[in-house]
Number of protein chains: 2
Amino acid sequence: MFDDSARGKTLSSALILLTEKGFHSVSIHDIRKHANVSTGAIYHHFSNKDEIAKTLFTEVLSHITEKMDDILLEQPTTFDRIQAVYQMAAQMVNEKPELTRFIIKQAHREFLPDEKPLCVSEPFLRMKTIVQHGIKKGDIAPMDIWVALSLTFGSLLRLIEYQLDGVLENTADTYIDELLQHAWKSIAQED
Amino acid sequence: MFDDSARGKTLSSALILLTEKGFHSVSIHDIRKHANVSTGAIYHHFSNKDEIAKTLFTEVLSHITEKMDDILLEQPTTFDRIQAVYQMAAQMVNEKPELTRFIIKQAHREFLPDEKPLCVSEPFLRMKTIVQHGIKKGDIAPMDIWVALSLTFGSLLRLIEYQLDGVLENTADTYIDELLQHAWKSIAQED
DNA sequence: GTCTATACCTGGATAGAC
DNA sequence: GTCTATCCAGGTATAGAC
């Protein structure tokens, strides 16, 4: 995910430690030790501890935003767009569970108090766009946008949390077809 | 919620401060000041800071569990049970937003590392029971239990988070009828 | 049971050599 | 750009009077 420089190693280690223990339970010294760099090197690249977490958060978010934009470009129909988001999410939680946990489970308010809530971050605004277009085109039944958003992606996020909590027997991607099929029924325009 | 003893005042203040700022951003001194009690009084009733949060968490959870049990007793049909949960949740997020945030948004792993994940706590197991009974009785279409759970309550939890994040124009209870109506379509056994 | 005063330590951040 | 050594603030927890 990150390169082998002091900066990259710091971010990689911070990601692992932060998702494992949480922001306030990880000290600079912990990161220093895990990344095998010195305190001085860390403070050369980051002005303080907050900035490490903030950098991590924004870099990961913008990475996801790019993927969302690809989906919007490549998939023309509402259903296919939603399906692509489901697949991307399932893949992400399988391949990078710590990173996924960092994004959706961290209490950002605690260490990024000036950050906007996750639900108005760029990737989530892309989801809103998908649903709004779906309603406008008549693919999705007319309803309140927040209700439609909850129905479209709420169950997906829930399933992801189940996987992160370790209660699922199989990986998330084995459930998403069934999940999407049913979730679509709740929002689809009947004709 | 809690009585006027030093213990009660400590818990009330801790609840407010913890949900506002998060566990590690609130010091014992902050709680002491807000509750208008002394450090000594706090340490007389609680062995350490963790135990304050833990007490709060378990007392609130068992309170919700009781309400869930009432629902299971009073409501015989699957739909009515789910509807009652939706109404209870909407009422809770309206009347006690800080408390709701404390339960569903806190990174418990950070200060309660030995606590089970929320999704296998008592109240959430009651939700699982509701859905399992629904499938067995034929009210809910046969499907994987975790998929069914995600579909039934995922969108509700999402809507609650929207309200907590302050993006909704109205309170959650104005949306839940529409939400439930659609969510039910995704799981209902068709005949 | 409740108070004040304080001991002790963790951990963020800096200084200055190389 | 990276290192080691160190400073110092903030915060948990305790001691001991009342």
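Reminder, nothing fancy here: chain letters follow the sequence lines and each chain counts from 1.
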Original post:
B:E51 has an atom CD; how far is it from atom P of D:dA13, in whole Å?
Top reply: 11 Å
**OP:** Take nucleotides 13-18 of chain C nucleotide by nucleotide from the 5' end and write B, S or -, depending on whether a protein heavy atom sits under 4.0 Å from the base, only from the sugar-phosphate, or from neither.
**Re:** BB----
Subject >> Row check, B:F124 ring normal vs B:R126 NZ/CZ: under 6.0 Å, within 45° >> reply: no
Original post:
Between B:F23 (CZ) and D:dG11 (P), how many Å, whole number?
Top reply: 13 Å
Original post:
When you measure from the side chain of A:T129 to the backbone N and O of A:L125, does any donor-acceptor pair fall under 3.5 Å?
Top reply: yes
Original post:
Side-chain N or O of A:S38 less than 4.0 angstrom from OP1 or OP2 on D:dT2?
Top reply: no
Original post:
Whole Å only: how far is the CG atom of B:N36 from the P atom of C:dT2?
Top reply: 13 Å
Original post:
CD1 of B:I31 versus P of C:dT2: gap in Å, rounded?
Top reply: 16 Å
**OP:** Calculate the interatomic distance between B:K9 atom NZ and C:dT2 atom C1'; express it in whole Å.
**Re:** 11 Å
Original post:
Do B:E190 and A:K185 pass the salt bridge (Lys or Arg N to Asp or Glu O under 4.0 Å) test, and can you show the C-alpha distance, the side-chain angles, and the key distance before you say yes or no?
Top reply: CA-CA 12 Å; B:E190 296 157 26; A:K185 264 199 290 190; 3.0 Å; yes
Original post:
Given C:dT2, is OP1 or OP2 found less than 4.0 Å from the side-chain N or O atoms of B:H44?
Top reply: no
Subject >> Under 4.0 angstrom between A:H45 side-chain N/O and D:dT2 OP1 or OP2 >> reply: yes
**OP:** Please determine if a side-chain N or O atom of A:H29 lies less than 4.0 Å away from the OP1 or OP2 oxygen of C:dG11.
**Re:** no
Subject >> Gap between atoms CZ and P, on B:R32 and C:dT2 respectively (whole Å) >> reply: 15 Å
Original post:
For A:F153, is the NZ or CZ atom of A:K128 found under 6.0 angstrom from the centre of its six-membered ring and inside 45 degrees of the ring axis?
Top reply: no
**OP:** Please test B:R158 against A:E161 for salt bridge (Lys or Arg N to Asp or Glu O under 4.0 Å), starting from the C-alpha separation and ending with a verdict.
**Re:** CA-CA 12 Å; B:R158 200 89 272 280; A:E161 297 212 25; over 6 Å; no
Original post:
Any ring pair (Phe, Tyr, Trp, His ring centres under 6.0 Å) pairs touching residues 30-57 of chain A, not counting sequence neighbours?
Top reply: A:F57-A:H108
